Amino acid sequence: MEQTRPLQADSRGLCTLTDGHAGNVRQAQSLARALGGRAWDVTLEPRAPWRWIAPHALPAAEHAFGTAFHASWMHAPAVAIGCGRQAALATRLLRRRGSRVVQILDPRIDPSHWDLVIAPEHDGLTGPNVLSLLGSLNPVDDAWLADARAAFPTLAALPSPRTAVLLGGDSAHYRFDAAAFARLAILIDDMAADGSLLVTTSRRTPPAVIDAVRRRWAHRPHTLLWCDPSDGPNPYAGLLAWADRIVCTPESVNMLSEACGTRVPVQVFEPGRVGGRPRRFLDALRQRGRIHDLADGSTTFEGEPLRETARIAAEVRTRLGLLLP
């Protein structure tokens with residue numbers, strides 16, 4: 001295990017470190033929010049050669065991530081939260097400077113390099129300092145949903161039932177192309193014949209799918225489409241908050257975790273076509289009764305929403321003895 005120095009005299013506060021990718025940023029910031037401290041966010045600027053070998057270290061690695069990180073390294077925060085492979089090196093370096101460090105996602109090397117490692121159950125990572133959770137860290141709770149309803153009040157005027165459709169994209173374990181969307185659209189049109197349809201794509205959605213979404217539903221009554229910034233502010237939070245039911249493509253652990261953090265039924269398109277570790281996550285959700293196959297038709301949900309972030313934050317506080325305001 002790496003040795004750490006005592007906190008520097010000028011160490012203060014809570015810091016998040018990510019490569020700027022939305023999923024990593026969201027997880028790190030969600031944990032910081034749940035811990036209750038005021039955090040500042042550092043976007044890493046990975047440089048060669050360190051970016052190629054992270055989280056392994058080379059000499060002079062304090063210069064690996066640009067000026068924002070170097071400032072954090074010079075004035076080490078009390079607690080640093082990293083998410084993603086690049087951040088795993090950054091948090092290792094800050095631990096040497098005396099920070100208490102929490103790394104989100106499996107760093108693919110010995111977890112003892114960090115004070116705590118938080119990894120999804122489906123990764124299978126274990127260790128005395130490893131905290132496992134079902135799905136991913138996210139901000140969805142009752143307060144967050146209330147804020148989202150206040151931020152998007154016009155969605156309340158859409159007729160119920162409001163069906164939110166969250167579209168992802170291709171991954172290593174599932175192919176979501178125009179043909180897959182055509183299969184999905186048939187099921188959605190049958191389900192949402194009454195009420196309203198609220199559809200959002202993601203950064204990963206293929207252009208051909210976005211074109212097909214617009215052709216299929218642009219002129220459908222009581223429909224909201226968001227495919228890119230030309231459609232206005234992204235209403236994703238509002239969709240989760242105002243939906244009476246949610247339909248998701250099956251490949252994104254983050255998107256599914258957030259949908260399952262609500263209190264409405266979640267139906268997943270083609271869960272049986274997903275392979276690898278995400279399949280284990282889907283199977284766990286199905287065993288808990290939190291998701292159902294879209295092909296099985298409309299369903300209800302009676303149970304607890306998936307909200308792992310508060311539990312993990314409480315464990316982090318206890319393990320690290322944190323007294324953040």
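Computed from a predicted structure; not experimentally measured.
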Co-membership, hydrophobic cluster, residues [X] and [Y], 4.5 Å side-chain:
| X | Y | value |
| --- | --- | --- |
| V140 | I312 | no |
| L133 | L116 | yes |
| V264 | F301 | no |
| L145 | L137 | no |
| L320 | I118 | yes |

Passing candidate, salt bridge (charged side-chain N to carboxylate O under 4.0 Å, His left out) with E251, options R273, R175, R204, R277: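 The option that passes is R204.
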Test item: [X] side-chain N/O and [Y] main-chain N/O as donor-acceptor pair under 3.5 Å:
| X | Y | value |
| --- | --- | --- |
| T223 | P221 | yes |
| R92 | P55 | yes |
| E45 | T67 | no |
| S132 | E121 | no |
| T163 | R245 | no |
| S171 | H173 | yes |
| R97 | M74 | yes |
| T205 | G168 | yes |
| W114 | A88 | yes |
| R279 | V274 | yes |

Rounded to the nearest 0.5 Å, what's the gap from [atom1] on [X] to [atom2] on [Y]? Could you check?
| X | Y | atom1 | atom2 | result |
| --- | --- | --- | --- | --- |
| L239 | L197 | CG | CG | 9.0 Å |
| Q103 | R85 | CD | CZ | 11.5 Å |
| I104 | I81 | CD1 | CD1 | 6.0 Å |
| R280 | L134 | CZ | CG | 12.5 Å |
| D147 | F152 | CG | CZ | 11.5 Å |
| I291 | I246 | CD1 | CD1 | 12.5 Å |

Note: [X]-[Y] ion pair, threshold 4.0 Å (strictly below):
| X | Y | value |
| --- | --- | --- |
| R183 | E270 | yes |
| D141 | R307 | no |
| D142 | R263 | yes |

Do [X] and [Y] have side chains that get closer than 4.5 Å, going by heavy atoms?
| X | Y | answer |
| --- | --- | --- |
| L224 | S196 | no |
| M255 | Y236 | yes |
| M191 | V247 | yes |
| L17 | L44 | yes |
| T309 | R33 | no |
| D115 | V79 | no |

Residues D41 and T16: side-chain donor-acceptor under 3.5 angstrom: yes
Side-chain donor-acceptor pair present, S257, N138, cut-off under 3.5 Å: no
What are the two closest non-hydrogen atoms of [X] and [Y], and how far apart are they?
| X | Y | value |
| --- | --- | --- |
| R203 | A22 | NH1-CB, 3.3 Å |
| C227 | R214 | CB-NH2, 3.3 Å |
| G84 | N24 | CA-ND2, 3.9 Å |
| P49 | L58 | CG-CD1, 3.7 Å |
| L105 | Q27 | CD2-NE2, 3.9 Å |
| E258 | P139 | OE2-CD, 4.2 Å |

Partner set under salt bridge (charged side-chain N to carboxylate O under 4.0 Å, His left out) for R290, not counting sequence neighbours: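 Salt bridge (charged side-chain N to carboxylate O under 4.0 Å, His left out) check on R290 returns nothing, list empty.
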R162: salt bridge (charged side-chain N to carboxylate O under 4.0 Å, His left out) partners, not counting sequence neighbours: none
Whether F65 and F69 hold their rings parallel, tilted or perpendicular, with breakpoints at 30° and 60°: perpendicular
From V209, L256, L167, residue fulfilling side-chain contact (heavy atoms from CB on, under 4.5 Å) relative to T249: L167
If the condition is ring-ring contact (aromatic ring centres under 6.0 Å, His included), which residues does [X] pass it with, not counting sequence neighbours?
| X | answer |
| --- | --- |
| H122 | F281 |
| H70 | H63, W73 |
| F181 | W217 |

L184 vs F176, side chain to side chain contact (heavy atoms under 4.5 Å, CB included): CA-CA, chis, key distance, verdict: CA-CA 10 Å; L184 170 63; F176 186 61; 4.1 Å; yes
Working for side chain to side chain contact (heavy atoms under 4.5 Å, CB included), residues V42 and C15: CA-CA 7 Å; V42 174; C15 175; 3.6 Å; yes
Stepwise side chain to side chain contact (heavy atoms under 4.5 Å, CB included) check, W144 with L240: CA-CA 10 Å; W144 186 90; L240 294 184; 4.0 Å; yes
R288 CZ: over 12 foreign heavy atoms closer than 6.0 Å: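 12 or below, so no.
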D296 atom CG, neighbour heavy-atom count above 12 within 6.0 Å: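 Yes - once you tally the heavy atoms of other residues, nucleotides and ligands closer than 6.0 Å, there are more than 12.
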side-chain contact (heavy atoms from CB on, under 4.5 Å) partners for D106, two or more places apart: R108, D123, L125
CA sep, side-chain torsions, deciding dist, call: N254, R26, side chain to side chain contact (heavy atoms under 4.5 Å, CB included): CA-CA 9 Å; N254 288 348; R26 198 161 180 84; over 6 Å; no
